[in-house]
Amino acid sequence: MSIEYEEQLAGSLVDSFPKDFGYGVENMDMMQENLENSPSADNKPRILLMGLRRSGKSSIQKVVFHKMSPNETLFLESTNKIYKDDISASSFVNFHIWDFPGQVDFFDPTFDYEMIFRGTGALIFVIDAQDDYVEALGRLHLTVSRAFRVNPEINFEVFIHKVDGLSDDHKIETQRDIHQRANDDLADASLEKLHLSFYLTSIYDHSIFEAFSKVVQKLIPQLPTLENLLNIFISNSGIEKAFLFDVVSKIYIATDSSPVDMQSYELCCDMIDVVIDVSCIYGLKDDSNSNAYDKESLAIIKLNNTTVLYLKEVTKFLALVCILREESFERKGLIDYNFHCFRKAIHEVFEVSSSTQRTGAAVQSSPPSSSGNGLARLKSAALNGTPRSLI
Ligand SMILES: Nc1nc2c(ncn2[C@@H]2O[C@H](COP(=O)(O)OP(=O)(O)OP(=O)(O)O)[C@@H](O)[C@H]2O)c(=O)[nH]1
């Protein structure tokens, strides 16, 4: 029987801490066939990337999930097929990402758009902020209003993209204008209940990863539990900020509840790059099965401004990356111990959610215990999520 997570932390506090894409389809008929045969029924939610031609959809997908450098996207050809990308083999982000070519009229009467929207978790609409966006706003309205009627559960996310070319004032003004017009259009159509979230993004900085992180977080039913665990962990370990990262995409799937500042996030992303690069060069064993990131992965980087960065493996795809002061790092034993408890709790949370899915309604119908504390409470919180699988 495992000791409760909170109790362990409290104990340690008292003791030692004074304080390839899947496939492309050539035409609508083939696409329809593929949709029907596709593993959409495998319960993996879809994230759709939509928007006008050349707005940057494929670039976003390639940069975030396939490590393409932003400059290489200049040579991407226009997408003329729908691409379904299943990234779950390499990433914690267990979704299908569908990249729609800008020119496809997916409202063609022969095409069953309802089927697409029914299994969709998030619809990302990409608007090129460096271009005239009037046409894009028209398409946005058409797309989200149709999708909402089919599936009101979809999260509608608008990426105001390519903002690297705009001055700070221009960025704010563009966001305000797009926000205003898009919501006016919805109000005119009596669709006030349809909520749009807006993000300023560019593939040339970390903003695209941050925005994608937020999109993905909304689809993670265990998010409140993860945040809770991170809060407990950092407050008992003297850590300033902690992120739970998907190592491959550098999306953070959870962080503690203190506000995220872009610099801290960038620092942690850079640390992941450094660790993976060094590990690729010096860490791989001769046999072809070894990975740059595995159970042994651990790194500590001391910066010359008394900040320490700490990275440690949590699961096959997840790493915890923390920022702390040098003084706090003197209690490394405590941090390591608390990390051990944290890691165990994370594993248990996901074991609970996968066994919940296996046992289905029977488990979900049992009332969560109100008397339990620590992990028991966290487990019952995990059960409250929507039945979307992530591991
Ligand atoms: N400046 C800037 N250019 C970008 C950014 N993202 C993408 N681009 C450029 O925009 C162009 C179009 O990008 P794509 O990813 O092919 O656009 P798409 O929306 O997939 O286009 P279609 O396949 O035709 O629907 C490329 O030249 C990219 O380099 C960005 O954040 N900033």
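Nothing here was measured: the structure is a model prediction, and the numbers come from that model. Note that these values count all heavy atoms, side chains included, but never hydrogens, waters or copies made by symmetry. In each ligand, atom 1 is the first atom listed, and ligand 1 is the first ligand listed.
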**OP:** Please work out whether any backbone atom (N, CA, C, O) or any side-chain heavy atom from C-beta onward of D164 is under 4.0 Å from ligand 1, and answer side chain, backbone, both or neither.
**Re:** side chain
Original post:
Just which atoms of ligand 1 are under 4.0 Å from any heavy atom in S78?
Top reply: 22 (P), 23 (O), 24 (O)
**OP:** Using distance alone, determine whether I203 and ligand 1 share an N or O pair under 3.5 Å.
**Re:** yes
Subject >> Q61 heavy atom under 4.0 Å from ligand 1 >> reply: no
**OP:** Look at the rings of F245 and Y265 and say which category their plane angle falls in: under 30° parallel, 30 to 60° tilted, over 60° perpendicular.
**Re:** parallel
Original post:
Is there side-chain contact between F329 and I300, with heavy atoms separated by less than 4.5 Å?
Top reply: yes
Original post:
Counting N and O atoms only, with roles assigned by atom type, does the side chain of S328 sit under 3.5 Å from a partner on the main chain of L324, one being a donor and the other an acceptor?
Top reply: no
**OP:** Using distance alone, determine whether F100 and ligand 1 share an N or O pair under 3.5 Å.
**Re:** no
Subject >> Contacting atoms of ligand 1, where contact means under 4.0 angstrom from a heavy atom of S202 >> reply: 31 (O)
Original post:
Are any of the N or O atoms of E77 closer than 3.5 Å to those of ligand 1?
Top reply: no
Original post:
Are E72 and S69 close enough that a side-chain donor and a side-chain acceptor fall under 3.5 Å?
Top reply: yes
Original post:
So, is K162 polar-close to ligand 1, with some N/O to N/O distance under 3.5 Å?
Top reply: yes
Subject >> Check: I116 main-chain N/O paired with R46 side-chain donor or acceptor under 3.5 Å >> reply: yes
Subject >> For T73, atoms of ligand 1 separated by under 4.0 Å from a heavy atom >> reply: 26 (C), 27 (O), 28 (C), 29 (O)
Original post:
So, do I346 and F233 sit near enough that their side-chain heavy atoms are less than 4.5 Å apart?
Top reply: no
Subject >> Q130 contact mode with ligand 1 (heavy-atom cut-off under 4.0 Å) >> reply: side chain
Original post:
Can G51 be said to touch ligand 1, with heavy atoms closer than 4.0 Å?
Top reply: no
Original post:
Relative to each other, are the rings of H179 and F198 parallel, tilted or perpendicular (30° and 60° limits)?
Top reply: tilted
**OP:** Decide whether K62 and T73 meet the rule of one side-chain donor and one side-chain acceptor closer than 3.5 Å.
**Re:** no
